[in-house]
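Encoded as structure tokens, the structure appears first; notes follow it.
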Amino acid sequence: MPASEVSPLVSDMGVVTSPDHTVQLAVRGMTCAACVARVERALKKVPGVAQAQVNFATETATVAWMDASDEADIHTQSQALLAAIERAGYHAQVQHADDNVVEEVVPWWDVWGAVLLGCVASLPLVLPMLWGGHHFWPAWVQFALATPVQFLLGARFYKAGWAALKAGSGNMDQLVALGTSAAWGLSVWLWWRHSHTTDPHLAHRTPDLYFESAAVVITLVLLGKALEARAKRQTTAAIRALQSLRPETVHRQGPQGEVEVPLKQVLVDDVLIVRPGERIPTDGVVLEGQGHVDESLLTGEPLPVSKAPGDPVTGGAINTEARLLMRVTAVGGQTMLAHIIRRVVEAQAVKAPIQRVVDRVSAVFVPAVLLIALVTGLGWWWAGLGGEVALIRAVAVLVIACPCALGLATPAAIMAGTGAAARHGILIKDPEALEVAHHVQVVAFDKTGTLTQGRPRLLDWQVATGMALDRNQALQMAAALQGGSEHPLARAVIDEAIRLNLSLPAAHDLQTVAGRGIQGRLALAEEGAQTWALGSTRWMTELCANVVPSAWRNTLDAWHAQGHTVSWLLRQARPGAGPHGAESDASTPTQAAWQVVALMAFGDELKPEAAAAVQGLHALGVRTVMISGDNRSAAEYIGRQLGIQQVIAEVLPGDKADHILRLQQGEERKGRAVIAMVGDGINDAPALAAADVGMAMANPQGGADVALNAAGITLMRGDPTLVPAALDISRRTSAKIWQNLAWAFGYNIIGIPLAAFGGLSPMLAGAAMALSSVSVVSNALLLSRWRA
């Protein structure tokens, strides 16, 4: 089972595990793609390991166990993994729940110190080349400058190369160590031979030495690794930004009053105080206070969100203006921020399918290069150019063939792409979702909560002719009746009254009639108190003898066609008045006791961004479909408003997955269609799972945590325009992957033959090798400029 499909949990020991016992390790010391294959082989040899995936760019390993019965087993098995990595020549440690999943900025000297020393020693060796020769310095000066570079700064290559040799595999360090040692050794041999020569013609000539090639190659490789490290840290900037949202200390309210304590000591149900300008320390619910909270780094939402007592708050957000009192609902690895960080890290650590092919190539790459270098040296020596020239050309092959660029091509693009997406509120669960998303041909939308606001609003109301009250008074009566109700339609009436700043009369003797509505006694202006009722069409027809005012038939038909819900405001008629203000028949006193006052239409409004989202998808060449449980006329009305190309209506929630499968079969196109489903991540879970790519839209009522586990891509705010944005970043990331692979393979295909035939010196080969790795990562970093 891929690591990306495993939902991590936190054990009592703090180890990040999962239901099938997945452990995350930080691996240090890998230098190329061949190292990845060696670490994976070492991990898979440990008894009980079901799967091991190592990522070169993030320097992480994800290991899944076949079985681990208890925490002690997990601890023992983790130690076995660490020992296996140590035997392979690398260093590792288990990543714990509270650990930063990516390293903070490394001190400048640790990254650039060796490069600076190498430049100080190598620059004097290179300067004579500006004057057209290598004879500026005596041999002993060249030896004194090059030897510390070779064996002190270059010690890391010997150590890592020897560890790989003991493990029976090859890596980049062996190529660098062999190549530079050959150049250094040849120079020492030529110097010794010259100093012991008896030929008077040679005694007065400075021999052609290659100390500068050895020193410069090592310095350039170190420079390339430093630039790589810097570029890789830039690709993980989104994760570090999320990690920095955790405050070190919090203000906890207790029996002794307000106390400042470390965040790690906070428990569920603790009461915390968050001052203006401070970050929300963890997930919770507001108990006291009202203000706005900036959640932009978590959801990508640019505007602050209003918070009041009872509203949920997310750890990492900024309290912008008011003192808030909150109750903690989640801590540590169970918070939303921890979930987001873990999802981003998993997406960057798991390999894309194309990367697995690259890893297989890299595993045989180093032995193949060693063979090519041997053939190159023997071939030129056999051709009569002498051992010196043959060795130099073999060294050039060894140096230029380092497979760093191959190892970085895919993960660097994935890291940059998923990081850029995360900054805009798009969480991509794994590279497979990223890779499939750029092939999407059809996007199917759920309607409620995805394209619409997900809550009813009072859209329109009309007052019956002949009534002695206006629209606002009718709304006052309706809102007064609904004052104590929590029904969604009741909240819609009250919200509209609040928006219009209407005062509400007192209601008495309120009585709810199940399935029909509510009634109570209200006083309107100078008139005495009367009984009023607000309810469904069914109740209205029961009270008013199935009579629908003829003047409203066209309005009713139009509202029903738009999918609106209709409610009726009624009041008891005065004696002698009929159901609509006409004289009543005395023989029907019950039916004649009510008259229709107003008609109200409720509907779920479209999100302001919905139309732009559909247009954006059409601009990408993607077909749009809406799958809804509404009646056909209402669903088609919404579809026409948005320009959606196909509407599938009257669908039960459990049947949505079947319609996704039908769309995949491509009823209207040749071959199988690639489908993305967009829903709220809760009731649309079967359809999200059935689609090629599920996009779960987090809803403001607390469904974000469910959405994180419901689909391959999570949209952290309810903005439909994130759907075309997700497809766009997927396409751009895929393009970067192929550009990087083309550069990496093309560089080796051109560079190795060129070096083998004498077209590159070892020094130029080293420069080209370093440039290749830096170019690949720099190209990937262009994705950081992407905007949704």
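Every heavy atom of this structure was used, including side-chain atoms; hydrogens, water molecules and symmetry mates were not.
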Quiz item: Roughly how far apart are Asn779 CG and Gln739 CD, rounded to 0.5 Å?
Solution: 5.0 Å

Practice problem: Side-chain contact test, heavy atoms from C-beta onward, threshold under 4.5 Å: evaluate it for Thr147 versus Leu152 and give yes or no. | Solution: no

Self-check item: Closest heavy-atom pair and its distance - Ala61, Leu43
Solution: CB-CD1, 4.0 Å

Quiz item: Short question: side chain of Arg38, backbone of Ala88 - any donor-acceptor pair under 3.5 Å?
Solution: yes

Quiz item: For Asn740 and Ile737, what are the C-alpha separation, side-chain angles and deciding distance, and is it a side chain to side chain contact (heavy atoms under 4.5 Å, CB included)?
Solution: CA-CA 5 Å; Asn740 285 349; Ile737 289 174; 5.9 Å; no

Self-check item: Straight-line distance of Leu116 CG to Leu222 CG, nearest 0.5 Å
Solution: 11.5 Å

Quiz item: Do Thr62 and Gln53 have side-chain atoms, one donor and one acceptor, less than 3.5 Å apart?
Solution: no

Self-check item: Distance, nearest 0.5 Å, that separates OG of Ser730 from NE2 of His439
Solution: 8.0 Å

Exercise. State, without any angle test, whether Gln150 and Thr180 hold a side-chain donor-acceptor pair at a distance under 3.5 Å.
Key: yes

Quiz item: More than 12 non-hydrogen atoms from neighbouring residues, nucleotides or ligands closer than 6.0 Å to CZ on Phe757, yes or no?
Solution: no

Quiz item: Mind checking whether Trp184 and Phe143 have parallel, tilted or perpendicular rings, split at 30° and 60°?
Solution: tilted

Practice problem: State whether the side chain of Arg731 and the backbone N or O of Leu620 hold a donor-acceptor pair below 3.5 Å, judged by distance alone. | Solution: yes

Quiz item: Which heavy atom of Leu125 sits nearest a heavy atom of Ala146, and at what distance?
Solution: CD1-CB, 4.1 Å

Quiz item: Do Val49 and Val46 have side chains that get closer than 4.5 Å, going by heavy atoms?
Solution: yes

Quiz item: Which heavy-atom pair separates Leu427 from Ala422 by the least distance, and what is that distance?
Solution: CD2-CB, 4.0 Å

Exercise. Please name the pair of heavy atoms, one in Ile414 and one in Thr418, separated by the smallest distance, quoted to 0.1 Å.
Key: O-OG1, 2.7 Å

Self-check item: Shortest non-hydrogen separation from Val693 to Ala433 and the atoms involved
Solution: CG2-O, 4.2 Å

Practice problem: Quick one: do Leu783 and Arg732 satisfy side chain to side chain contact (heavy atoms under 4.5 Å, CB included)? Show the steps, please. | Solution: CA-CA 8 Å; Leu783 287 170; Arg732 292 176 185 269; 3.8 Å; yes

Quiz item: Counting only N and O atoms by type, is there a donor-acceptor contact under 3.5 Å from the side chain of Ser181 to the main-chain atoms of Ala177?
Solution: yes

Quiz item: Taking the side chain from Gln93 and the backbone from Ala26, do they hold a donor-acceptor pair closer than 3.5 Å?
Solution: no

Quiz item: When rounded to the nearest 0.5 angstrom, what distance separates CG in Leu385 from CD1 in Ile392?
Solution: 12.5 Å

Exercise. For residues Met30 and Val36, determine if any side-chain heavy atom of one lies less than 4.5 Å from a side-chain heavy atom of the other.
Key: yes

Practice problem: Measure the spacing between CG of Asp692 and CD of Gln441 and express it to the nearest 0.5 Å. | Solution: 9.0 Å

Quiz item: For the side chain of Arg787 and the backbone of Arg785, is there at least one donor-acceptor N/O pair under 3.5 Å apart?
Solution: yes

Practice problem: Using modelled atom types only, decide if a donor and an acceptor are shared between the side chain of Trp380 and the backbone of Ala756 within a distance under 3.5 Å. | Solution: yes

Self-check item: Arg393 side, atom CZ; Leu754 side, atom CG - distance, nearest 0.5 Å
Solution: 10.5 Å

Exercise. Identify the heavy atoms of Thr219 and Ser122 that sit nearest to each other, and give their distance.
Key: OG1-OG, 3.0 Å

Quiz item: If only atom types and distance count, is the side chain of His438 paired as donor or acceptor with the main-chain N or O of Glu435 below 3.5 Å?
Solution: yes

Quiz prompt | Test side chain to side chain contact (heavy atoms under 4.5 Å, CB included) applied to Leu25 and Thr60, Ile85, Val39, the passing residue | solution = Ile85

Exercise. Would you check, one step at a time, whether the test side chain to side chain contact (heavy atoms under 4.5 Å, CB included) holds for Val63 with Gln51?
Key: CA-CA 6 Å; Val63 183; Gln51 186 177 17; over 6 Å; no

Quiz item: Quick one: do the Ser775 and Tyr747 side chains pair a donor with an acceptor below 3.5 Å?
Solution: no

Quiz item: Which is it for Thr733 and Trp786 under the side chain to side chain donor-acceptor pair (under 3.5 Å) test, yes or no, and what are the steps along the way?
Solution: CA-CA 10 Å; Thr733 303; Trp786 177 81; over 6 Å; no

Exercise. State, with a plain yes or no, whether a side-chain heavy atom of Val115 is found less than 4.5 Å away from one of Leu117.
Key: no

Exercise. Tell me, with the steps shown, if Leu145 and Val149 meet side chain to side chain contact (heavy atoms under 4.5 Å, CB included).
Key: CA-CA 7 Å; Leu145 291 171; Val149 176; over 6 Å; no

Quiz item: Would you say the side-chain atoms of Thr376 pair up with the backbone N or O of Ala394, donor to acceptor, closer than 3.5 Å?
Solution: no

